There are 2 protein chains.
Amino acid sequence: MRPVTVYDIAREANVSVATVSRVLNNTAPVKKETRDRIVALMHKHQFQPNALARSLTRKETGMIGFILPDITNPFFPEVLSGFDYEARKLGYTYFLCDTISTNEENQRLYDRQYERESQYLSLLMEKQVDGIVMIGGRVDLAKPEPALAQELEELAKRVPVLLLNGSLPKTKLNRVAADQKLGAQLAVQHLIDLGHRDIAVIGGFSKMTNTQQRLAGFRTAMKDAGLPVHREWVMTEGFSVEKGQEFASRLLDSKRRPSAIFCMNDLLAIGALKAAHRAGVSVPEQLSIVGYDDIPQATYCIPELTTVSLLSQETGRQAARTLDKMIAGKKVPLLQTIVPELIVRETTAPYQGPSS
Amino acid sequence: MRPVTVYDIAREANVSVATVSRVLNNTAPVKKETRDRIVALMHKHQFQPNALARSLTRKETGMIGFILPDITNPFFPEVLSGFDYEARKLGYTYFLCDTISTNEENQRLYDRQYERESQYLSLLMEKQVDGIVMIGGRVDLAKPEPALAQELEELAKRVPVLLLNGSLPKTKLNRVAADQKLGAQLAVQHLIDLGHRDIAVIGGFSKMTNTQQRLAGFRTAMKDAGLPVHREWVMTEGFSVEKGQEFASRLLDSKRRPSAIFCMNDLLAIGALKAAHRAGVSVPEQLSIVGYDDIPQATYCIPELTTVSLLSQETGRQAARTLDKMIAGKKVPLLQTIVPELIVRETTAPYQGPSS
DNA sequence: GAGCAAAATGAAACCCGTTTCATAAAAGGG
DNA sequence: CCCTTTTATGAAACGGGTTTCATTTTGCTC
């Protein structure tokens, strides 16, 4: 059966569609008697306005595109849930766009991320979203960064675009971003304060701005303390538990062990924790570990992770509020900085001298 | 600047909009010369068809609503990622609808879930989604279950609805669901096979069908083995790590301890693991723990969780494929059962006699 | 070259709301 | 009671595509 339209209502109520529309949107006074009659009919037929038709004329859809790299990485659901909370309050719905590629064996491939992002951007434009928020990403080995930024800047002229914790720092794009360098400094400084001198850093992707910034924070903290950075103690290209385990195992197997490891995210830290356990190295007594992101799982493991919180929920909320303002045409600061916080839990302890 | 439309292209190409539309959709032969001219113009102006307008006439949007209870519960991103994979291949985009309520302090409230689901269902209808998949949920303390089912059945007449791992088993609604009872039986049987007799079960919400089914599986396994079920060893109303820790702590503090705990999900199991650690009870030597869901985090903890896999990714994929068929008007079986698998890892071991 | 099917194209209706503009009716002021 | 506002309402255009139906071309066959 055909859904009921304003025309059906109008006919049965002996009024024009214009009047029905006015009742629907409370956009002009309607005689009480008429209004009641129309409202009654709407209920009777369970009338639901067609959002497509409405959006077509209004030129606003109440739809947002949310692009993220990988929903199974627990950091993103946290951000998303904050975003969801505000977005709903503001009356938006959103398309979830996951840019990870998965092959048939369920392996996650990050290499085509840029391509997928571009596809989604185009798709979202066709769907006429009111705005786009994009988190992470923009990695492409083939194209130089300015080209990626340019595509987005071009897009941002047509629709509000908000970058979260974004790469591409040198652009005119609006961003809500944690101070990644500071976050890393906090973590490393904490280790240094505990007396550690031999500090390794693992994870991240060298092409990603996030990683570069955190690495910079690491280097700055080390340099400020007059500590050397060992080449072989900087291991990148990975963000998963498995990678963390692999990196940490390699570190623990080497002739000279670091006494502390700074991990580029909590997943890596969890992997490091597992590696330490397998190697019979006790944490934090013989090895201190600091994570990054403060995902919920950071408190699930034993011992609980010391980590850097990026206020992920808050970032998501901020994003929703900011994008809403942008959509409304209000001015918003180009960059809103989230100040990371060090969360000291159980995986860090004072340096206890050489372990083995 | 106004986006370019088919009319703009048509005018500049000296053809009618009908012809442009035909080129766009390859729906009728167009002279090569004309086609080339039109395609060139489309590229020149970066023409992007307005999906709203298209959907309005076609009466199909390529949009799906995906309703789930809580994206920060790692089980759901797993399902979602499987769904995402297939859905994208099939050309759908989807609205993510999280039904959890969060208060300003970021506490998660499950109590208004039913209400939120109803709101979303209505919203999705207005947005003209082609189909809806809904996972979990339908819990309402106030309304009887039949009423909830009826609302959905009514809806299902207007748009394809697919329930995932669903509650509401006695309905005419299409479902893709794991055999929850079997899953629980698998888990408990495993414990029994290891020689455990004192088995507790923790977690779940007594109002949820899922929980009831798993509980039934637990009871059946116990009964088949001639083992008693202690009232005080069945603890419900919760699905979080915190709750798991709380439940397990209580069990470990009681005069008579169970030697094994079956947890209604992995989060609870992780909590139990923490409780055991805090209480100085070693797992699996003194206490065996089995989880449920096989979320990625099950392998992140130490020791790794023995658990029941519901093939979450596969469930998601199946859902997308099935919903697509339903949308296409093809016949699909009313119920597609996912057969759970027991994943034996490190948190279970043979019963070693009374612990203390 | 007539005859006919297939190809190529345009005009106009349609999808379902919103909005503008004009008109009619009711209400308030002097 | 007439005049001016407000209030109340309808006709019609619009948004940006798709689709039907009719008409004109073109390509072949005999």
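Letters A, B, ... mirror the listed sequences (proteins, then strands); counts begin at 1. Basis for what follows: all heavy atoms, side chains included, without hydrogens, waters or symmetry-related copies. Remember, it's a predicted structure, so these values are computed and weren't measured experimentally.
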Nearest-Å distance for atom pair [atom1]/[atom2], residues [X] and [N]:
X: B/Asn25; N: D/dT20; atom1: CG; atom2: C1'; answer: 15 Å
X: A/Arg11; N: C/dC16; atom1: CZ; atom2: P; answer: 12 Å
X: B/Leu24; N: D/dT18; atom1: CG; atom2: C1'; answer: 10 Å
X: A/Glu33; N: D/dA8; atom1: CD; atom2: P; answer: 12 Å
X: B/Lys59; N: C/dC14; atom1: NZ; atom2: C1'; answer: 9 Å

Original post:
Near A/Gln46 CD, under 6.0 Å, is it more than 12 heavy atoms from other residues, nucleotides or ligands?
Top reply: no
**OP:** Examine the side chains of A/Asp84 and A/Tyr94 and answer whether a donor and an acceptor come within less than 3.5 Å of each other.
**Re:**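 Side chains of A/Asp84 and A/Tyr94: pair found under 3.5 Å.
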Do [X] and [Y] have side chains that get closer than 4.5 Å, going by heavy atoms?
X: A/Leu80; Y: B/Leu96; result: yes
X: A/Asn50; Y: A/Pro3; result: no
X: A/Leu24; Y: A/Phe47; result: yes

Original post:
When you match A/Arg2 and A/Thr27 each to their closest nucleotide on DNA chain C, which lands nearer the 5' end?
Top reply: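 Whichever sits nearer the 5' end wins; that is A/Arg2.
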Original post:
What is the per-nucleotide protein-contact pattern of nucleotides 7-13 of chain C, from the 5' end, where B denotes a base atom under 4.0 Å from a protein heavy atom, S denotes such proximity for sugar-phosphate atoms only, and - denotes neither?
Top reply: SSBBB--
Subject >> Test of ring centre spacing under 6.0 Å for A/Phe95 and B/Phe95 >> reply: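 Judged by ring-centre distance (under 6.0 Å), A/Phe95 and B/Phe95 do meet the cut-off.
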Subject >> Test applied, side-chain contact (heavy atoms from CB on, under 4.5 Å); reference residue, B/Arg175; option that passes from B/Leu163, B/Leu164, B/Leu334 >> reply: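 Testing B/Arg175 for a side-chain contact (heavy atoms from CB on, under 4.5 Å) against B/Leu163, B/Leu164, B/Leu334 leaves exactly one candidate, B/Leu163.
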Original post:
Under the criterion side-chain contact (heavy atoms from CB on, under 4.5 Å), which of B/Asp8, B/Ile9, B/Asn25 is the partner of B/Val20?
Top reply: B/Ile9
Original post:
Taking A/Ser55 for the side chain and A/Leu52 for the main chain, is one N or O donor matched with an acceptor at less than 3.5 Å?
Top reply: no
Original post:
Taking B/Asp130 for the side chain and B/Ile64 for the main chain, is one N or O donor matched with an acceptor at less than 3.5 Å?
Top reply: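 No.
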Original post:
Using rotation axes that map the C1' atoms of four end pairs onto the next four (five pairs an end), what angle separates the end axes of the helix from C/dG1-D/dC30 to C/dG30-D/dC1, to 10°?
Top reply: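 The end axes of the helix from C/dG1-D/dC30 to C/dG30-D/dC1 are about 30° apart, to the nearest 10°.
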Subject >> Residues in contact with DNA chain C, drawn from residues 50-58 of chain B - heavy-atom cutoff 4.0 Å >> reply: B/Leu56, B/Thr57
Original post:
Can A/Glu126 and A/Arg158 be said to form a salt bridge (charged side-chain N to carboxylate O under 4.0 Å, His left out), step by step?
Top reply: CA-CA 12 Å; A/Glu126 291 190 7; A/Arg158 321 195 112 265; over 6 Å; no
